[in-house]
Amino acid sequence: MTQNQAHDAQVYDAVVVGGGLIGCAVALMLADGGMSVAVLERRESLCLEASGTNAGGLMSQVLRAETVPHGMRALELWKGKTAPFLFDLDYHRLGSLALARTEAEESILDERMRLRNEAGASFRMMSGAEARLIEPQLSKDIRAAVHCEADAHVNSLETGRVFTELLGRHCVAIKARHNVSMIEPGGAGFACICPRGVVRGRRLVLATNARLQPLLAQLGHSVEITPRYNQVLVTNRLPFHLGPMLTIATGNLSIKRSAAGTAIIGGGWQGHGDLEAGTSRIDAPSVLENLRLAVSVVPALGDQDLIRCWIGVDARTPDFRPLLGPVPNCPEAYVAGCVFSGYLPGLQLGRMLGDIILGREPDLAFPPSSAWTNPDTLSLKKNL
Ligand SMILES: Cc1cc2nc3c(=O)[nH]c(=O)nc-3n(C[C@H](O)[C@H](O)[C@H](O)COP(=O)(O)OP(=O)(O)OC[C@H]3O[C@@H](n4cnc5c(N)ncnc54)[C@H](O)[C@@H]3O)c2cc1C
């Protein structure tokens, strides 16, 4: 151990590696359930990656059908009034409209709505004219829409501050600038090794999202994870109102009005990045395409200025399913990450993983987890 390393003599009941939304939610549940918990985060504070750079859209309309029930439960939690999730993140129930411009898009919407309503959503299909009564700024080219009244928006940029306070109140040890490079299972738990020192826990939760691969490999599991460099665009303050959040049938557009009155535009358009170097770069052509698409849906956006773009890194598995639950063949190790559009359902999924670790029955079944590439790990699917 070097002079810069500080050995933490305590053995925590649980060590959570990765202080994004899901890691924080699990840590909060465990601490609330009476465990001593440490969160190890490589960055200088919590939720600086996907969980603090996303667009704050709580849109059950864009979820995969299998995570709709979790998204619906999470919409309740995001109000910030259910213990231990007591916080204020500027929650606004704006509702959302998913839009169709062509006959083909209309049938995609119809099918998506059917599957999601079967999974517990309450979405309603309507004509373009009816959608324009809800949102008069919509283009005349919109021929149909699906409306969800329950969808909402929060100020995601404050996620880290809110969870730092919440975890602090629950006596969770938050260890920022702790980049875990190695995990040694053995003895009565796990040793998490970082340049700053070693932190030990009887249980281990891996919640490092885009950076799950190397840590899972150390536990003997090979997984394929692709980083996603999502771009977010922000306009000047709009001189008009935008009510519901908007998306389109193909899914590659989201538009919402922030509490500050700007339009936040996204939809998964990709920039460039290097996970090792921790760098990212805007892709100008895809910014333009994203803006063109936004203007085709809300023409008045064409008169506004683009004042800011940023990139956040997220991750996906080949089948877009999350990695979630106990790590096979590794008792007391758990994983949570690669959740598609995971800010909304992340709170509920974190709560459920917390319940599992505390030995409680979760209030919903887990959504199907991704098939890991190591055949030995396929048993995870059965476990869930
Ligand atoms: C730009 C963008 C826009 C998005 N918009 C939306 C949206 O509007 N609605 C929605 O529902 N979802 C959205 N998402 C997706 C959503 O933000 C993510 O799915 C979710 O936040 C993931 O949470 P997480 O906790 O799994 O991961 P993260 O927030 O990425 O957290 C992982 C944490 O682990 C830390 N870490 C990594 N490796 C190590 C290590 N070795 N040691 C210690 N710490 C480590 C990281 O620094 C990070 O803080 C968006 C994502 C992006 C990037």
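Both counts, for ligands and for their atoms, begin at 1 and track the order of listing.
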May I ask you to list the atoms of ligand 1 that are less than 4.0 angstrom from any heavy atom of Ala50? 17 (O), 18 (C), 21 (O), 29 (O), 30 (O)
Nearest-option assignment for atom 52 (C) of ligand 1, heavy atoms, candidates Asn230, Ile22, Val339: Asn230
Counting only heavy atoms not in Glu44, do more than 12 fall under 6.0 Å of its CD? yes
Above 12 or not: heavy atoms from other molecules or residues under 6.0 Å from CD of Glu118? yes
Candidate with minimal heavy-atom separation from atom 38 (N) of ligand 1, of Leu206, Thr208, Leu344: Thr208
Could you tell me which atoms of ligand 1, counted from 1 in the order shown, lie closer than 4.0 angstrom to a heavy atom of His178? 42 (N), 43 (C)
Would one find an N or O of Asn209, backbone or side chain, under 3.5 Å from an N or O of ligand 1? yes
Yes or no: does Ala210 have any heavy atom under 4.0 Å from an atom of ligand 1? no
Under 4.0 Å to a heavy atom of Arg43 - the qualifying atoms of ligand 1, by number: 47 (O)
Below 3.5 angstrom, do we get any N/O pair linking Leu215 and ligand 1? no
Could you tell me the residue and atom name of the protein heavy atom closest to atom 7 (C) of ligand 1, and the distance to it rounded to 0.1 Å? Gly57 O, 3.6 Å
N/O to N/O below 3.5 Å, does that happen between Val313 and ligand 1? no
Any non-hydrogen side-chain atom of Arg93 less than 4.5 Å from a side-chain atom of Leu75? no
Using distance alone, determine whether Leu21 and ligand 1 share an N or O pair under 3.5 Å. yes
Under 4.5 Å between any side-chain heavy atoms of Arg42 and Arg211, yes or no? yes
Electrostatic pair Arg43-Glu49, nearest N-O below 4.0 angstrom: yes
Could you please spell out the steps behind the side-chain contact (heavy atoms from CB on, under 4.5 Å) verdict for Leu242 and Lys256? CA-CA 7 Å; Leu242 270 184; Lys256 48 198 83 90; over 6 Å; no
Keeping the roles fixed (side chain from Thr208, backbone from Gly18), state whether a donor-acceptor pair exists under 3.5 Å. no
Does an N or O anywhere in Arg211 fall below 3.5 Å from an N or O of ligand 1? no
Check against side-chain hydrogen bond (donor to acceptor under 3.5 Å, both in side chains), Gln61 and Ser96: CA-CA 8 Å; Gln61 294 231 42; Ser96 68; 3.1 Å; yes
Residue pair Ser370, Asp319: steps toward the side-chain hydrogen bond (donor to acceptor under 3.5 Å, both in side chains) verdict: CA-CA 7 Å; Ser370 183; Asp319 62 4; 3.1 Å; yes
If the threshold is 4.0 Å, N to carboxylate O, is there a salt bridge linking Glu76 and Lys79? yes
May I ask you to list the atoms of ligand 1 that are less than 4.0 angstrom from any heavy atom of Gly20? 25 (O), 29 (O), 31 (O), 33 (C), 49 (O)
Thr235 side chain to Ala263 backbone, donor-acceptor under 3.5 Å: yes
Write out the residue and atom name of the closest protein heavy atom to atom 42 (N) of ligand 1, then the distance separating them to 0.1 Å. Val180 N, 3.0 Å
Give the atoms of ligand 1, by number and element, whose distance to some non-hydrogen atom of Val17 is under 4.0 Å. 42 (N), 43 (C)
Numbering the atoms of ligand 1 from 1, which are under 4.0 Å from a heavy atom of Ala207? 32 (C), 33 (C), 34 (O)
min-distance protein heavy atom vs atom 47 (O) of ligand 1 -> Glu41 OE2, 2.6 Å
Look only at interatomic distance and state if Tyr343 has a nitrogen or oxygen under 3.5 Å from any nitrogen or oxygen of ligand 1. yes
Quick check on contacts: which atoms of ligand 1 are under 4.0 angstrom from a heavy atom of Ser341? 10 (C), 11 (O), 12 (N)
May I ask you to check whether over 12 heavy atoms, not counting those of Glu149, lie within 6.0 Å of atom CD? no
Which protein non-hydrogen atom lies closest to atom 50 (C) of ligand 1, naming both residue and atom, and how far is it? Asn54 CB, 3.3 Å
Any nitrogen or oxygen of Val232, main chain or side chain, under 3.5 Å from a nitrogen or oxygen of ligand 1? no
Please check whether Thr53 reaches ligand 1 - meaning an N/O of the residue sits under 3.5 Å from an N/O of the ligand, judged on distance alone. no
Dump the intermediate steps for side-chain contact (heavy atoms from CB on, under 4.5 Å) on Ile264 and His153, then the final yes or no. CA-CA 11 Å; Ile264 305 175; His153 186 251; 4.2 Å; yes
Just say parallel, tilted or perpendicular for the rings of Phe87 and Phe163, cut-offs at 30° and 60°. tilted
Around atom 44 (N) of ligand 1, find the nearest protein heavy atom and jot down its residue, atom name and distance. Arg42 N, 3.1 Å
Could you check Ile307, Ile255, Val287 and say which one makes a side chain to side chain contact (heavy atoms under 4.5 Å, CB included) with Leu233? Val287
Tell me the protein heavy atom at minimum distance from atom 40 (C) of ligand 1, and give that distance in Å. Asn179 OD1, 3.5 Å
Should the heavy atoms of other residues, nucleotides or ligands under 6.0 Å from CZ of Arg114 be counted, would the total exceed 12? yes
In this structure, atom 19 (O) of ligand 1 is nearest to the protein heavy atom Gly342 N, 3.0 Å
In the protein, which heavy atom is nearest to atom 28 (P) of ligand 1, and how far is it? Ser51 OG, 3.8 Å
For Gly312, the ligand 1 atoms whose distance to one of its heavy atoms is below 4.0 Å: 1 (C), 53 (C)
Using distance alone, determine whether Gln231 and ligand 1 share an N or O pair under 3.5 Å. no
